[in-house]
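Reading through the structure tokens given below for one structure.
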Amino acid sequence: MKVVVTGGTGLIGRGIMEVFTQEHPDWEVTAVSRKPFQDGAKFPWKKLDIADYDAAYETITKLNPDVVIHTAAMALPDDCAKDPEGAWRSNFLGTRNVALACARFDTDLVYFSTDQAFYGAPEKVHEEYDEPKGNSVYSHTKILGEVYVREHLQKWWIVRTG
């Protein structure tokens, strides 16, 4: 199994890298991100800014994974509010670029989104097909990524983390 983890040096991506390499040592797991591992970790890593369409398409299709675990994002809502263009580039355009690369070989995509897609009804238990409702630059850009993935790929999963 060949796996690419976008944002593989971040909090969620790093955890996925650790689990996959420990539990499945025979899998080929590669982290792609703008920055290398800060602690000297020895996981396979390739530099990639997912907001760069050509680089994302070339890198992901060259690796030709069976699945892409897409955790890369501008993830702090306050940072997104201060830099809406950066949030748009990372959370929507980056997701679109990853999805387009996945579409080339019909690669599975697991997209890590956010529980903030359901702002306004914290007491409600949300169902799989409830209509998302965001209230911030962060949640809106992540929801747009979800929409793109659902509408343009055949094999996808959306994980809304809290």
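One is the number of the first residue; the rest follow in order along the sequence.
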Legend entry - Heavy-atom donor-acceptor pair, Thr61 side chain to Asn64 backbone, under 3.5 Å: no

Inset, instruction - Give a yes or no answer on whether the side chain of Asp66 reaches the backbone of Lys2 with a donor-acceptor pair at less than 3.5 Å. - result: yes

Inset, instruction - Kindly indicate whether the side chain of Gln38, heavy atoms from C-beta on, has any atom under 4.5 Å from the side chain of Thr9. - result: no

Inset, instruction - Enter the distance from His70:NE2 to Trp156:CH2 here, rounded to the nearest 0.5 Å. - result: 14.5 Å

Legend entry - Min side-chain heavy-atom separation Asn97-Tyr57 under 4.5 Å: no

Inset, instruction - Identify whether Phe37 and Ile16 are in the same connected component of the hydrophobic contact network (ILVMFWY, side-chain heavy atoms under 4.5 Å). - result: yes

Inset, instruction - Indicate yes or no: at least one non-hydrogen side-chain atom of Ile69 is less than 4.5 angstrom from one of Thr6. - result: no

Legend entry - Side-chain heavy atoms of Phe43 within contact of Thr21, under 4.5 Å: yes

Legend entry - Under-4.0 Å salt bridge between Glu18 and Arg14: yes

Inset, instruction - Examine distances only and state if a side-chain atom of Lys47 and a backbone atom of Ser33 form a donor-acceptor pair shorter than 3.5 Å. - result: no

Legend entry - Spacing of CD1 belonging to Ile50 relative to CZ belonging to Arg96, to within rounding of 0.5 Å: 11.0 Å

Legend entry - Test item: Leu63 and Lys46 side chains (from C-beta on) under 4.5 Å apart, heavy atoms: yes

Inset, instruction - With Tyr111 as reference, evaluate Leu153, Ile158, Val68 under the side-chain contact (heavy atoms from CB on, under 4.5 Å) test and give the passing residue. - result: Ile158

Legend entry - Main-chain N/O of Ser136 paired with Ser139 side-chain donor or acceptor, under 3.5 Å: yes

Legend entry - Non-hydrogen side-chain atoms of Lys142 and Arg160 separated by less than 4.5 Å: no

Legend entry - Donor-acceptor contact below 3.5 Å, side chain His152 vs main chain Tyr148: yes

Inset, instruction - Would you indicate whether the side-chain heavy atoms of Phe20 and Val3 approach each other to under 4.5 Å? - result: yes

Inset, instruction - Nearest 0.5 Å please: distance from the OG1 atom of Thr30 over to the CE atom of Met17. - result: 6.5 Å

Legend entry - Side chains of Ile60 and Leu100 in contact at under 4.5 Å (non-hydrogen atoms): no

Inset, instruction - Return the set of residues passing side chain to side chain donor-acceptor pair (under 3.5 Å) with Asp79 (not counting sequence neighbours), or none when no residue passes. - result: none

Pairs of donor and acceptor atoms involving the side chains of residues 81-89, under 3.5 Å and at least two apart or interchain, shall be tabulated with distances.
from  : atom 1 : to    : atom 2 : distance (Å)
Asp83 : OD1    : Gly86 : N      : 2.9

Inset, instruction - Examine distances only and state if a side-chain atom of Asn91 and a backbone atom of Ala73 form a donor-acceptor pair shorter than 3.5 Å. - result: no

Legend entry - Under 3.5 Å donor-acceptor, Lys155 side chain and Leu109 backbone: no

